[in-house]
Amino acid sequence: MNPFTCKVIEIIKSIPEGYVMTYGQVAELAGSRRGARQVVRILHSMSRIHQLPWHRVVNAKGEIAIREDESRSLQLLYLTGEGIQVDGNGRIDLEVYRYNPDCGDGV
DNA sequence: AGTGTGACTTGGG
DNA sequence: ACCCAAGCCACAC
């Protein structure tokens, strides 16, 4: 397993309850700004194995990235269950719920 | 080996 | 605010 994958997993596991991160954010923290798609693949592949909170990962628009499937409803349920406000289109206020490991605690 | 696709991102109209 | 196009990377056929 390459360090990038490992980092991505660790980062996603570090997302606190009630907060979300974008794919690009995770990828950048893992060391690859262009790795957003790779993050997606890792989530798809490892979420079940590593029990990752995949529902706390959204796209840059702050919207639930997944297509219209059961999983999307499940993610919506998880997010709202953690206290995150999601609108009818599955959109989230990134300015409010975005988690910054580098600044979220110190600032 | 080449082509197509995706739970993405950013920039421009 | 919304829609469209181009860029990127890894995997599947």
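Below, read A as the first sequence line, B as the second, and so on, with proteins coming before strands; counting in each chain starts at 1.
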Exercise for review: Would you indicate, yes or no, if C/dC9 has its OP1 or OP2 atom less than 4.0 angstrom from a side-chain nitrogen or oxygen of A/Arg33?
Suggested key: no
Check your understanding: Should we count NE2 of A/His50 as having more than 12 external heavy atoms under 6.0 Å?
Key -> yes
Review point. To the nearest Å, how far apart are A/Asn59 CG and B/dG6 C1'?
Key: 13 Å
**Study point:** Side chain of A/Arg34 - closest among C/dC8, B/dT9, B/dA7
**Key:** C/dC8
Exercise for review: Evaluate the side-chain proximity of A/Leu79 to A/Leu76: yes if any heavy-atom separation is below 4.5 Å, no if none is.
Suggested key: no
Exercise for review: Would you kindly give the NE2-to-C1' distance between A/His44 and C/dA12, to the nearest whole Å?
Suggested key: 13 Å
Check your understanding: Does a side-chain N-to-carboxylate-O contact under 4.0 Å join A/Lys7 and A/Glu10?
Key -> no
**Study point:** Rounded interatomic separation in angstrom, taking CG from A/Asn2 and P from C/dA10
**Key:** 9 Å
**Study point:** Gap between atoms CG and P, on A/Asp93 and C/dA1 respectively (whole Å)
**Key:** 10 Å
**Study point:** Heavy atoms of other groups near A/Phe4 CZ, more than 12 under 6.0 Å
**Key:** yes
**Study point:** Separation of B/dA7 P from A/Leu76 CG (nearest whole Å)
**Key:** 18 Å
Review point. Which nucleotide in the set C/dC2, B/dT9, B/dC8 lies at the smallest distance from any side-chain heavy atom of A/Arg91?
Key: C/dC2
Check your understanding: A/Gln38 side chain: which of C/dA10, B/dT9, B/dA7 is closest?
Key -> C/dA10
Review point. Whole-Å distance between C/dA10 C1' and A/Met1 CE?
Key: 16 Å
Point to revise | Between B/dA7 (C1') and A/Tyr78 (OH): distance, integer Å | key: 16 Å
Review point. B/dA7 C1' sits how many Å from A/Met46 CE, rounded?
Key: 16 Å
Check your understanding: Taking only N and O in the side chain of A/Arg37, is any of them less than 4.0 Å away from OP1 or OP2 of C/dA10?
Key -> no
